[in-house]
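Following: one structure in C-alpha cells, then a few remarks.
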Amino acid sequence: MTVIEYQQLAMRTSNNALDGGEHVINGALGLCGEAGEVKIANTRAEIIEETGDVCWYMAEMATALGIGLETVFENCNRTFIWTPNVAADRLLIAAAGIADCVKKSFMQGHHFDEEKIKKQLSNVAKAIDAIAKWYEISVIDIMAGNIKKLAARYPEGRFEIDRSVNREE
C-alpha cells in the first residue's frame, strides 16, 4: 500500500452526505478528538490504533482540500526523535491549529487559510512519523491497520450511519 492508496481506501468510508465544508469541519474535529486519544492511550497497540485514526481524519481533511497525502508527508525525514508523549503533544498542537483556522473561517468570517492548514497537516504527519519511528513500524503499516479496522466496521466498503452509531467498541 502507498499513502495515495491509503487515502483512496480511507475515503471510501467517508460520509458522502456531507458537503465540502462539512468534510473540512469533520476533519478538523476528528483530528482534535483522535489526537486527544493518542495522548491518553496507554499501550503501544492503543497508540498505534489511535494514530491510524488520526491518519483517517488527515486523509479526510486533505481530500476536502484537494491535496494528496503524499504531499503532506513529503517533509517527513525521520531524522528527529520524539518520544510518543512529545509526538502526541505536537499532534495536539497541530490539530488545535487546524481547528482554530476552521473555526475562524466557518464561524467568524475570516479568510480560509489553506496554507496554514497545509502546514499544520504537515506537522500532524511529522508526529505520526515520529510515533512510527519510535515503535519501529512504518507509517504505511499504521495506515494498513486502520484500513483493516475500517473493513471490519464497514464490510460493504462504505460509510453507513447505523454501523457508525451502533458499533462495538
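Note that CE of Met11 is 10.0 Å distant from CG of Asn16, once rounded to the nearest 0.5 Å. Between the OG1 atom in Thr51 and the CD1 atom in Ile137 there is a gap of 9.5 Å [rounded to 0.5 Å]. Taking OG from Ser14 and CZ from Arg12, the interatomic distance works out to 12.5 Å, rounded to the nearest 0.5 Å. Ile47 CD1 to Ile40 CD1: the interatomic distance, rounded to the nearest 0.5 Å, is 11.0 Å. Rounded to the nearest 0.5 angstrom, Glu60 CD and Asn26 CG are separated by 4.5 Å. Taking CH2 of Trp134 as the reference point, atom CG of Asp129 lies at 14.0 Å (rounded to 0.5 Å).
The closest side-chain heavy-atom distance from Val54 to Glu50 is not below 4.5 Å. For the pair Thr13/Arg158, no side-chain contact is recorded, criterion being any heavy-atom separation below 4.5 Å from C-beta on. Proximity of Leu150 to Leu9: side-chain heavy atoms (C-beta onward) are nowhere separated by under 4.5 Å. A heavy-atom distance below 4.5 Å is found between the side chains of Met61 and Ile117. You'll find the side chain of Val3 reaches within 4.5 Å of the side chain of Met143, heavy atoms only.
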Exercise. Apply side-chain contact (heavy atoms from CB on, under 4.5 Å) to Leu121 and Leu31, showing your working.
Key: CA-CA 10 Å; Leu121 282 173; Leu31 280 170; 4.1 Å; yes
Quiz item: Should Lys118 and Glu114 be marked as a salt bridge (Lys or Arg N to Asp or Glu O under 4.0 Å) after you check the CA-CA gap, both sets of side-chain angles, and the distance that decides it?
Solution: CA-CA 6 Å; Lys118 286 179 183 178; Glu114 188 171 324; 3.4 Å; yes
Quiz prompt | side-chain contact (heavy atoms from CB on, under 4.5 Å) between Lys104 and Asp113, worked out | solution = CA-CA 9 Å; Lys104 285 178 179 172; Asp113 194 344; over 6 Å; no
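Across every non-hydrogen atom of Gly52 and Tyr6, the tightest pair is O-OH, 3.7 Å. Looking at every heavy atom in both residues, Ala64 comes nearest to Val24 through CB-CG2, 3.6 Å. Closest of all the heavy-atom pairs between Trp56 and Ala10 is NE1-O, 3.0 Å. Closest of all the heavy-atom pairs between Ile128 and Cys55 is CD1-SG, 3.8 Å. For the pair Ile147 and Met1, the tightest heavy-atom approach, listed with the atom from each and the gap, is CG1-CE, 4.1 Å.
Under the 3.5 Å distance criterion, the side-chain polar atoms of Glu46 are matched with a main-chain donor or acceptor of Asn42. A donor-acceptor pair is defined here as one N or O able to donate and one able to accept, closer than 3.5 Å; such a pair exists between the side chain of Gln7 and the backbone of Leu69.
Shown here are the salt bridge (charged side-chain N to carboxylate O under 4.0 Å, His left out) partners of Glu22, two or more places apart in sequence or in another chain: there are none. Looking at residues two or more places apart in sequence or on another chain, you find a ring-ring contact (aromatic ring centres under 6.0 Å, His included) between Tyr154 and Phe159. Residues that satisfy the salt bridge (charged side-chain N to carboxylate O under 4.0 Å, His left out) test with Glu49, not counting sequence neighbours, are Lys149. In terms of the salt bridge (charged side-chain N to carboxylate O under 4.0 Å, His left out) criterion, Lys116 has no residue partners (sequence neighbours excluded).
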Just distance, no hydrogens or angles: give the donor-acceptor pairs under 3.5 Å from side chains in residues 105-112, sequence neighbours left out.
none

Taking only distance into account, with no hydrogens and no angle test, what donor-acceptor pairs under 3.5 Å do side-chain atoms of residues 87-99 form with protein atoms, sequence neighbours excluded?
residue: Asp89; atom: OD1; partner: Lys39; partner atom: NZ; Å: 2.5

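Applying the 6.0 Å contact sphere to NZ of Lys103 captures more than 12 heavy atoms from other residues, nucleotides or ligands.
Both Val165 and Leu29 are members of a single hydrophobic cluster when ILVMFWY side chains are connected at heavy-atom separations under 4.5 Å.
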